[in-house]
Protein chains: 4
Amino acid sequence: MTPKMVDREQKRLQIIGSAFNVLRDKGYMDTKMSDIAEAVGIGKGTLYEYFANKEELVAATVETMIRLSQDSIYRELDAIADPEEKLRRFIRLLAEAFGEESGLFRLFIEIVRGSGGGGGRFERMDYLAEAYKRTTNKVEAILKEGIDKGVFRKVDVPSTAVLLVCIMDGLQLPYGLDRKSVDVKKVNGVVEEMVFSYLK
Amino acid sequence: MTPKMVDREQKRLQIIGSAFNVLRDKGYMDTKMSDIAEAVGIGKGTLYEYFANKEELVAATVETMIRLSQDSIYRELDAIADPEEKLRRFIRLLAEAFGEESGLFRLFIEIVRGSGGGGGRFERMDYLAEAYKRTTNKVEAILKEGIDKGVFRKVDVPSTAVLLVCIMDGLQLPYGLDRKSVDVKKVNGVVEEMVFSYLK
Amino acid sequence: MTPKMVDREQKRLQIIGSAFNVLRDKGYMDTKMSDIAEAVGIGKGTLYEYFANKEELVAATVETMIRLSQDSIYRELDAIADPEEKLRRFIRLLAEAFGEESGLFRLFIEIVRGSGGGGGRFERMDYLAEAYKRTTNKVEAILKEGIDKGVFRKVDVPSTAVLLVCIMDGLQLPYGLDRKSVDVKKVNGVVEEMVFSYLK
Amino acid sequence: MTPKMVDREQKRLQIIGSAFNVLRDKGYMDTKMSDIAEAVGIGKGTLYEYFANKEELVAATVETMIRLSQDSIYRELDAIADPEEKLRRFIRLLAEAFGEESGLFRLFIEIVRGSGGGGGRFERMDYLAEAYKRTTNKVEAILKEGIDKGVFRKVDVPSTAVLLVCIMDGLQLPYGLDRKSVDVKKVNGVVEEMVFSYLK
DNA sequence: AATGAATGAGGGTTCATTCAT
DNA sequence: AATGAATGAACCCTCATTCAT
């Protein structure tokens with residue numbers, strides 16, 4: 001990687017960071033390229049020096065933010081040996097990651113929505129599917145390990161893993177609708193109880 | 001309500017029905033007013049005789065479809081006396097309603113996304129919050145009844161109700177990403193098991 | 001053709017007429033869609049009700065103007081029996097058609113230029129090639145008839161026909177460069193003399 | 001001219017050479033400044049060290065290429081004494097210069113087109129008019145000499161000269177439209193025959 | 001002198017909305 | 001009441017030009 005490449009990559013990341021803030025707040029549809037440029041503090045045209053078009057910029061933004069989020073989660077998880085503790089931590093980290101602070105998943109969903117139909121606009125959304133798959137795989141591994149070690153019951157691993165990820169995703173819902181009246185912490189507590197009541 | 005009003009209401013419903021089909025398939029962003037008009041089989045201008053603008057039409061569509069879905073679910077549930085059976089049925093009905101066939105929730109999410117930020121375009125989305133609230137209330141009622149009758153443990157009712165709705169919502173996720181490799185029926189089965197392992 | 005189609009075709013022609021005026025004066029590159037809209041006296045968006053994009057509009061304009069020009073020329077020629085008189089008239093009509101009044105050919109050339117390279121923007125320019133071919137064919141027919149009737153020498157018909165069309169085209173040149181100092185009428189006279197000195 | 005100036009002039013010529021290749025292939029409209037810079041193998045900004053803007057660069061390119069072409073033609077013609085031979089050679093040289101290999105005239109025409117209207121972008125296109133004038137003057141001189149020497153008929157010299165240049169220009173036409181089906185050599189042969197049948 | 005990253009004016013195009021019929 | 005032709009604001013994107021290094 002030449003020095004120039006470093007600068008370029010730095011700038012891409014800077015743009016992605018600001019782009020994410022705007023996209024998270026306004027959604028894909030309502031985010032104009034000029035909004036992003038303004039947020040980064042650069043000219044509109046400069047965006048096109050780093051990304052071919054809006055779709056690429058948004059895809060790269062989502063990809064990067066997911067990767068960063070996943071990397072950070074996985075790194076922390078890898079340091080934990082006990083499967084139950086690992087799963088418990090996983091739930092909390094995902095709840096955090098999906099929580100309001102991030103908004104990543106709200107954006108994620110909007111984009112998936114737009115491209116789910118087949119003729120959708122996002123081509124590179126395979127990455128999103130991969131990220132999802134990576135997460136379910138991670139959960140599957142944790143579950144298997146727990147079962148092998150006799151910590152968990154012998155549950156259907158693939159279905160349970162999918163369900164766990166779905167639940168974490170579903171916890172997004174109140175953020176859009178009912179921010180005030182829901183005690184997120186409590187709900188998260190119930191999630192853990194419920195999951196382990198099932199696994200034990 | 002005069003006969004004319006009835007006609008008017010009929011036509012609104014007809015438009016809403018066709019609009020929903022289009023919106024479900026293409027998403028909010030990619031659905032043009034002309035697409036809807038074409039689907040209904042009327043002129044573009046006529047839409048504006050029945051709805052003030054795109055936002056109103058879409059809001060009314062989502063409202064109506066949610067109401068219809070909820071009405072049908074509640075009607076069926078009211079016929080069931082046993083709380084456990086009621087909750088079990090509720091889970092299945094919601095899974096169905098949120099399932100791929102409907103697509104209602106994918107649309108719902110896309111719209112909520114757009115208006116979540118506060119400055120968003122959808123003003124009338126309070127209705128969505130109400131629908132959500134109505135559902136959690138319904139679940140709360142079922143839980144309370146079950147606890148009162150000694151069928152369920154004494155769980156935190158509000159949090160558990162919220163969680164249940166979130167879980168049902170979260171089950172949408174695979175539809176957009178991983179339609180093929182997920183065995184939806186199995187996952188739904190795990191949901192039931194998990195919920196009741198927690199409530200018992 | 002329904003009544004609506006008539007109106008539509010009328011409007012297309014109206015747009016084409018105004019578009020031609022603008023294109024002739026400013027050239028393809030410097031003609032903005034808004035210039036054309038303004039010239040027609042309609043909104044910019046309306047152009048797109050009748051033509052898919054700028055390229056289609058320009059292609060249709062050139063096609064139509066060429067067709068009109070050719071139709072008018074051919075109609076007049078068909079009324080003439082004598083080959084020499086026919087060719088003489090042909091030269092004069094083409095000189096007129098290609099003359100400054102029209103500017104059609106200047107535009108024509110600019111467009112062919114842009115699309116000649118192969119990767120060029122104009123896909124429908126086959127029509128231009130056809131128009132050119134139609135003209136050379138017409139000239140070939142006149143030459144053949146003249147030769148058959150013994151009015152002309154036995155020249156190489158295809159090459160001579162191509163050359164005649166090229167000459168007429170070449171007469172455009174002074175219009176762009178030297179409008180003032182060239183006596184077009186005289187030059188046209190020389191063309192005729194030269195051509196017939198060759199054919200006799 | 002200081003050594004520095006020589007270097008500068010060298011570089012200008014180098015740029016012009018590459019610029020011509022690109023312009024000939026893509027046309028004015030589709031040639032970006034970056035294309036030229038890349039072709040020269042220098043930075044985009046450097047172009048502006050040698051030419052004030054795109055227009056100047058293109059104008060200089062066309063000017064230079066025309067001058068080079070004319071110089072080479074004139075040098076060769078000056079070595080010929082016999083007027084008929086001179087004219088014959090002139091026709092062949094111009095046919096070559098205007099031929100596909102060069103593409104100079106296709107570019108020339110595109111540019112003249114853009115600036116013909118008066119409000120056009122090219123201010124310095126006077127040079128093109130001068131080059132054209134120089135060519136007609138040259139032809140006039142040849143014709144006069146031929147007439148004086150009794151080799152040619154007493155034709156209208158200015159008109160005939162203009163016509164000859166127009167014909168040579170017109171021979172460009174098939175290159176853009178009908179490259180395949182035209183036997184250029186034969187057509188060029190007919191040109192000579194026709195011209196001399198007129199002059200004798 | 002040379003560069004190329006940054007810029008932003010400007011163009012083509014879309015589509016929600018209007019309104020004359 | 002119903003229509004769809006007309007509209008133009010608004011958006012994405014390009015590319016000639018500038019200027020800090």
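Reminder, nothing fancy here: chain letters follow the sequence lines and each chain counts from 1.
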Practice task
Return no unless some side-chain N or O of Tyr50(A) is found under 4.0 Å from OP1 or OP2 of dA5(E).
Solution key: no
Distance to the ring centre below 6.0 angstrom and angle to the axis at most 45 degrees; does that hold for Lys54(D) and Tyr48(D)?
no
note: Glu49(B), atom CD; dG4(F), atom P; distance rounded to Å ~ 13 Å
- Task: Would you check, one step at a time, whether the test side-chain contact (heavy atoms from CB on, under 4.5 Å) holds for Ile15(C) with Lys11(C)?
- Result: CA-CA 6 Å; Ile15(C) 292 172; Lys11(C) 190 98 179 206; 4.3 Å; yes
Here the distance between atom C1' of dA16(F) and atom CE of Met29(D), to the nearest Å, is 16 Å
Sub-3.5 Å pairs of nitrogen or oxygen atoms, protein against nucleotides 9-11 of chain E:
unit_1  : atom_1 : unit_2   : atom_2 : d
dG10(E) : O6     : Lys44(A) : NZ     : 3.1

Pairs under 3.5 Å (Watson-Crick or G-U), crossing ones as [ ], inter-strand ones as |: DNA chain F comes out as .||||||||||||||||||||
| query | Backbone N or O of Leu57(D) within a donor-acceptor pair of the Thr61(D) side chain at under 3.5 Å? | reply | yes
Rounding to 0.5 Å, atoms CG (Leu23(D)) and CE (Met29(D)) come to a distance of 12.5 Å
**Asked** Can you tell if the side chain of Ile16(B) reaches within under 4.5 Å of the side chain of Tyr50(B), non-hydrogen atoms only?
**Response** no
Nearest-nucleotide check on DNA chain F, Leu47(C) vs Tyr48(A); residue mapping nearer the 5' end is Leu47(C)
* Checking Arg24(B) side chain against Leu107(B) main chain: does a donor-acceptor pair fall under 3.5 Å? -> no
**Asked** So, does Thr46(B) use its side chain to make a donor-acceptor pair with the main chain of Ile42(B) at under 3.5 Å?
**Response** no
When rounded to whole Å, the CD to P distance for the pair Glu38(C) and dA6(F) reads 18 Å
Closest of dT3(E), dT18(E), dC13(F) to the Ile42(D) side chain is dT3(E)
In whole angstroms, the gap separating P of dA5(E) from CD1 of Ile15(A) amounts to 12 Å
Taking for Ala52(B) and for Thr46(A) the nucleotide of DNA chain E with the nearest heavy atom, the one nearer the 5' end belongs to Thr46(A)
Whole-Å distance, Leu57(D) CG to dT17(F) P, equals 10 Å
Here the distance between atom C1' of dA10(F) and atom CG of Asp30(A), to the nearest Å, is 13 Å
Those residues at least two apart in sequence (or on a different chain) that pass side chain to side chain donor-acceptor pair (under 3.5 Å) with Asn53(A) are none
Rounded to whole Å, the CZ-P distance (Phe51(B) to dT17(E)) equals 13 Å
From CG of Asp35(B) across to P of dC15(E) the rounded distance in Å is 9 Å
* Asked: OP1 or OP2 of dA6(E) sitting under 4.0 Å from any side-chain N/O of Lys11(A)?
  -> yes
**Asked** Is there side-chain contact between Val62(A) and Tyr127(A), with at least one heavy-atom pair below 4.5 Å?
**Response** no
